[in-house]
Amino acid sequence: MRMSSMFSRTLREAPAGADCKGYEYLLRAGYIKQMGAGIFSLLPLGFRSITKIQEIVRQEMNRIGGQEILMPLVNPADIWKETGRYYSIDKEMARFKDRVGRDMVLAMTHEEAVTDIARGEIDSYKRLPLTVYQIQTKFRDDPRPRAGLIRVREFTMKDSYSFDRDQAGLEKIYNEHYNAYFRIFSRCGLPCISVASDSGMMGGKIAHEYMYLSPIGEDTIITCKKCGYTANKQVAAFKKDYYPEDMKEIEKVETPEAKTIESLASYLNIQPEKTCKAVFMVGSFISDKTGEEEDKLIVALIRGDMEVEENKLQHAARANELRPAHEEEITACGMVPGFASPIGAKGNFICIVDDSVAKSNNLVAGANEAGYHFLNTNFGRDFQGTVADIASAKSGYKCPHCGAPLESSKGVEIGNIFQLGTKYSEAMNCYFQDEDGKQKPVIMGCYGIGIGRLLACLAEEYNDENGLKLPIAVAPYQVHLVSLLKDNSIADGIYEELQSEGIEVLYEDRKESAGVKFADADLIGIPIRITLGNRSLKDGNVEVKLRGTGETTSYSIEGLGKQIRQEIAKEQKKMDDAIVEKYL
RNA sequence: CGGGCAGUAGCGCAGGGGCUAGCGCACUUGGUUCGGGACCAAGGGGUCGGCGGUUCAAAUCCGCCUUGCCCGACCA
């Protein structure tokens, strides 16, 4: 590609609002262009990188037996009504009516679509197992896109779906994906870790996320350095200390102004772990069948020394959504905010009790009377509820496996894998006849990779003060040929030769000053730069500089194509040597 | 959805009732220069986000709307 005729161009200054380096360089180098909030175009350079990433993804998915398909972005709402997600997903899913008034949606994922196809294809166990995948556009109307390609509304995703007759089959393909993902990310050059995760709106039980650890990430990951335990904070477990003792008589005491755990603990001169905190949320419970919505107050009880993890609470309460409760909703159930507990409360509410409360005794809890608390309250005797782990893990807490102190870090989710089970096959009647003649629901898994987000993470990982320096496997071109001569005829010849060797060349043939050419080359960050200038030309040489390391060598123009092919092979080998293989 | 900031040329910004709306970069033409964002000269490019109001006069003041960014809520 000649730079003189390239569609995009570079920017000297960063567009306002480009907050992180990777995003700034992608914009300035002309890889991408924003069109709206969370909506981007890929320009030629960006598109080439994305294409390379997709090709790596394809190879690895094919390697584990995936068959590539392409499903429609526009789905009839009917299939989303079948699974209930038409109702349970809120404004995040774009909806519209077609010309005859049929409800349509823009698919934000494709479990419904793929299950709809599969139920027509899979009738016998003989057809299983099957895995299909696609690389396709998703639209999720995120309330707050940010950080360039990290969190967008329209994005390209590789999503695959597996169909098995039993759990063992699911586990096999799940494990194959688990490893394939490590191979994909490492072939792209992106360091990442896998963490146990929540299944979110996908449903299902076992799930992992792939995280690129970076301060720009929005997810919090809890890790144990000692034993290797990792989990998203939303689901991270930790070892709690309990303080069982003999139950004492409940007793009401005056606690004026003690509306918070800190003030209560200091007023009574006790530790926070001797108190019981009540957190009020309102959960919405939506019927999958009718879409009818019901709100119900949820009282979450947790020991005063811990915080509630909303995600865990939502699961424990089986709520579709959670929001903080309004004061009236709390008082309506006979509880007094600041001095609240379920003791003596009435009305329709759900009480979820963290095991820290259930397994400790004689805690101080609200008396539902302004200025008063109870001493020595005990779960089971004074109040009831569903016991669950709803506590939020944080750094310093004990690892659930080995007890070592946990650490917390930020990460960007670049992929996820879910064991769906039969949630979609049952809802959509995707059954097969097994050897025993019985109809059984197909067991499914789904597996995603955010392609654009992967590029964004790579840009974040590979840059310096001058611009991008993407690894050769994902860089838009392998070689950047920079001619500094007034007359391009020698460079034209080199360009032709390199291309005939099958090398991907970006050719700087513009009439610009050397400074501009070098600055743009650094910004775009092609891994191998060939400089043709008078300095080396007098010896019949060109300079070859590696963007990654700055390492420079001279090569004769004679036979340059072969030399460069070797350079490319060396760069590629570095990456191949770093391929990560990991199995569950 | 709450809170904050912003929208003036492709990009970054200035101008804050008055005459032809400016600067840097980018762009065009001519000339000089030619290995790390050159120089000289002459040019081109604007519904000042939109609608309405106040005024003799609005980019400028007021109202509504809209779009983008940041923080939170939310989210893969």
Side-chain angles (χ1 to χ4, degrees), chain A residues 8-20 23-24 27-28 30 33-39 89-93 108-111 138-159 195 197-202 207-212 217-220 232 234 281 310-311 314 321-324 411-418 446-454 456 465-467 482-487 508 510-523 529-538 542-543 545 550 552:
Chain A
S8 59
R9 60 179 177 182
T10 56
L11 298 173
R12 290 204 183 186
E13 285 175 286
D19 37 4
C20 50
Y23 177 36
E24 178 192 326
L27 286 170
R28 282 187 51 206
K33 174 119 177 158
Q34 185 170 12
M35 191 170 276
I39 301 182
I89 294 171
D90 197 26
K91 290 180 179 166
E92 207 176 331
M93 183 157 65
M108 46 195 290
T109 174
H110 280 81
E111 285 75 23
K138 307 279 185 254
F139 184 79
R140 296 185 190 177
D141 199 356
D142 194 292
R144 185 164 171 220
R146 73 186 102 179
L149 291 187
I150 297 287
R151 191 168 148 186
V152 293
R153 297 196 293 168
E154 182 183 309
F155 57 101
T156 305
M157 186 176 199
K158 186 291 296 179
D159 43 327
V195 308
S197 80
D198 182 48
S199 53
M201 68 171 178
M202 294 300 176
H208 285 83
E209 292 169 339
Y210 292 76
M211 292 285 181
Y212 164 60
E218 297 189 75
D219 285 279
T220 303
N232 194 307
Q234 293 179 327
M281 305 293 291
E310 274 187 34
N311 184 68
Q314 185 179 332
E321 255 185 333
L322 286 187
R323 63 164 170 82
V412 180
E413 182 187 345
I414 44 174
N416 51 38
I417 54 179
F418 298 95
C446 77
Y447 318 85
I449 291 177
I451 303 286
R453 189 180 271 189
L454 179 46
E465 65 283 1
N466 296 318
V482 178
S483 169
L484 300 177
L485 304 175
K486 277 185 285 278
D487 179 355
E508 173 60 273
R510 297 177 302 173
K511 299 201 181 327
E512 289 289 349
S513 71
V516 169
K517 292 178 176 179
F518 287 140
D520 278 349
D522 287 345
L523 183 58
R529 188 184 85 191
I530 302 174
T531 307
L532 175 67
N534 285 319
R535 204 184 274 173
S536 53
L537 182 63
K538 57 183 188 295
V542 294
E543 278 166 30
K545 184 173 182 183
T552 309

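What you are looking at is a predicted structure, and each value in this text was computed from that prediction instead of being measured. Proteins come first, then strands; the chains are lettered A, B, ... in the order of their sequence lines, and each starts at number 1.
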Tell me, do [X] and [Y] make a side-chain contact under 4.5 Å, heavy atoms counted?
X        : Y        : result
A/Phe518 : A/Arg529 : yes
A/Val482 : A/Leu532 : no
A/Arg453 : A/Glu413 : yes

Flag the pair [X] and [Y] as a salt bridge only when some basic side-chain nitrogen lies within less than 4.0 angstrom of an acidic carboxylate oxygen.
X        : Y        : value
A/Asp142 : A/Arg153 : no
A/Glu13  : A/Arg28  : no
A/Asp520 : A/Arg510 : yes
A/Lys138 : A/Asp159 : yes

Between the base of [N] and the side chain of [X], is there a donor and acceptor pair under 3.5 angstrom?
X        : N     : answer
A/Glu512 : B/G37 : no
A/Arg529 : B/G36 : yes
A/Arg9   : B/C11 : no

Does [N] have a Watson-Crick or wobble partner in any strand here, with both distances under 3.5 angstrom, and which is it?
N     : result
B/G36 : none
B/C13 : B/G22
B/A41 : B/U29
B/G72 : B/C1
B/C64 : B/G50
B/A57 : none

Given RNA chain B, 5'-ward residue of the pair A/Pro145 and A/Leu322, judged by closest heavy atom: A/Pro145

First encountered from the 5' end of RNA chain B, between A/Gln314 and A/Phe518: A/Phe518

Between [N] and [M], how many Å separate the two [atom1] atoms, rounded to a whole number?
N     : M     : atom1 : value
B/C51 : B/G7  : C1'   : 16 Å
B/G45 : B/U28 : P     : 15 Å
B/G30 : B/C13 : C1'   : 30 Å
B/G2  : B/C48 : P     : 31 Å
B/U60 : B/G52 : P     : 14 Å
B/C40 : B/G35 : C1'   : 23 Å
B/G37 : B/G24 : C1'   : 13 Å
B/G10 : B/U47 : P     : 8 Å

Donor-acceptor contact present, side-chain A/Asn232 to main-chain A/Ser197, <3.5 Å: no

Which one, [options], comes nearest to the side chain of [X]?
X        : options             : value
A/Gln34  : B/C69, B/G36, B/C70 : B/C69
A/Val516 : B/C11, B/A38, B/G36 : B/A38
A/Arg146 : B/C27, B/G72, B/C1  : B/G72
A/Leu484 : B/G35, B/C74, B/A76 : B/G35
A/Asp19  : B/G24, B/C70, B/C1  : B/C70
A/Asn416 : B/G35, B/A76, B/C11 : B/A76
A/Arg151 : B/C75, B/G37, B/G12 : B/C75
A/Ala514 : B/G36, B/C74, B/C25 : B/G36

If I take atom [atom1] in residue [X] and atom [atom2] in nucleotide [N], what distance separates them, rounded to the nearest angstrom?
X        : N     : atom1 : atom2 : value
A/Met108 : B/C74 : CE    : P     : 16 Å
A/Arg510 : B/G37 : CZ    : P     : 15 Å
A/Glu13  : B/C13 : CD    : C1'   : 8 Å
A/Lys33  : B/G68 : NZ    : C1'   : 14 Å
A/Ile150 : B/A76 : CD1   : P     : 16 Å
A/Asp142 : B/A73 : CG    : P     : 13 Å
A/Arg153 : B/C74 : CZ    : C1'   : 14 Å
A/Leu537 : B/C34 : CG    : P     : 16 Å

So what does [X] hit on the nucleic acid, given a heavy-atom distance under 4.0 Å: a base, only sugar-phosphate, or nothing?
X        : value
A/Lys545 : base
A/Glu310 : sugar-phosphate
A/Gly533 : base
A/Asp522 : base
A/Pro143 : base
A/Glu543 : base
A/Val412 : nothing

Taking only the side-chain nitrogens and oxygens of [X], find out if one of them lies under 4.0 Å from OP1 or OP2 of [N].
X        : N     : result
A/Arg144 : B/C71 : yes
A/Arg12  : B/A26 : yes
A/Lys486 : B/U33 : no

Other residues, nucleotides, ligands: >12 heavy atoms within 6.0 Å of A/Lys538 NZ: yes

